[in-house]
Amino acid sequence: ISPQPQVPAPLTSDEVESLHGPYITRRIKVRSITQKSWQRLDPAGGGFGLFGWHTIPHDATEIILTEGEFDAMAVYQATGRPTVSLPNGCRSLPMEVL
């Protein structure tokens, strides 16, 4: 565990019914606020999901896919359009997410 300030980001998928839809948190990505390269995924070996998936309306016909969690939040804030991010940057699109 790092003494640096950290930001958690839930990675969700659609496997269990919840208040807003059938979603489950698969993993939590924790990143340092001050050092971009410091991050970890908990639990180790857990499944993958998309950040922001739980915010997509059931009737959405299109979504915006971004590289990172901060990008997804910025795009949604600027446009109001449904936005998700890849689970581990632009080099990561696990088959289980498709």
Side-chain angles (χ1 to χ4, degrees):
I1 303 218
S2 172
Q4 300 177 7
Q6 301 171 10
V7 175
L11 304 175
T12 58
S13 65
D14 56 349
E15 292 184 9
V16 173
E17 194 68 33
S18 74
L19 179 62
H20 300 289
Y23 306 110
I24 185 171
T25 299
R26 302 293 307 258
R27 274 181 146 169
I28 301 291
K29 180 193 280 187
V30 180
R31 295 186 70 161
S32 167
I33 292 174
T34 58
Q35 190 173 0
K36 184 177 180 180
S37 64
W38 191 91
Q39 67 179 5
R40 73 171 192 255
L41 294 169
D42 289 323
F48 283 101
L50 295 171
F51 174 80
W53 184 250
H54 64 288
T55 67
I56 305 300
H58 290 290
D59 60 350
T61 58
E62 61 182 33
I63 63 172
I64 298 171
L65 179 64
T66 65
E67 176 184 6
E69 298 86 10
F70 292 120
D71 298 329
M73 291 185 284
V75 169
Y76 177 76
Q77 186 174 20
T79 67
R81 298 177 85 185
T83 308
V84 297
S85 79
L86 293 169
N88 210 15
C90 67
R91 294 187 176 105
S92 171
L93 182 56
M95 291 301 293
E96 65 186 274
V97 171
L98 298 175

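These figures come from a predicted structure and were not determined experimentally.
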Connected-component partners of Val75 among ILVMFWY, side-chain separation under 4.5 Å:
Ile64

For Gln77, the side chain to side chain donor-acceptor pair (under 3.5 Å) test, sequence neighbours excluded, returns none

Does anything in residues 45-54 form a salt bridge (charged side-chain N to carboxylate O under 4.0 Å, His left out)? List the pairs, not counting sequence neighbours.
none

What is the minimum heavy-atom distance between Leu50 and Ser85, and which atoms define it?
CD2-O, 3.3 Å

Is there a path of hydrophobic side-chain contacts, each under 4.5 Å between heavy atoms, that joins Phe70 and Phe51?
yes

Partner residues of Ala78 under the side chain to side chain contact (heavy atoms under 4.5 Å, CB included) criterion, sequence neighbours left out
none

Between Pro57 and Pro82, the two heavy atoms sitting closest are CD-CG, 4.1 Å

Any non-hydrogen side-chain atom of Thr83 less than 4.5 Å from a side-chain atom of Ile63?
no

Starting from the C-alpha separation in whole Å, work towards a yes-or-no answer on side chain to side chain contact (heavy atoms under 4.5 Å, CB included) for Ile56 and Val84.
CA-CA 8 Å; Ile56 305 300; Val84 297; 3.8 Å; yes

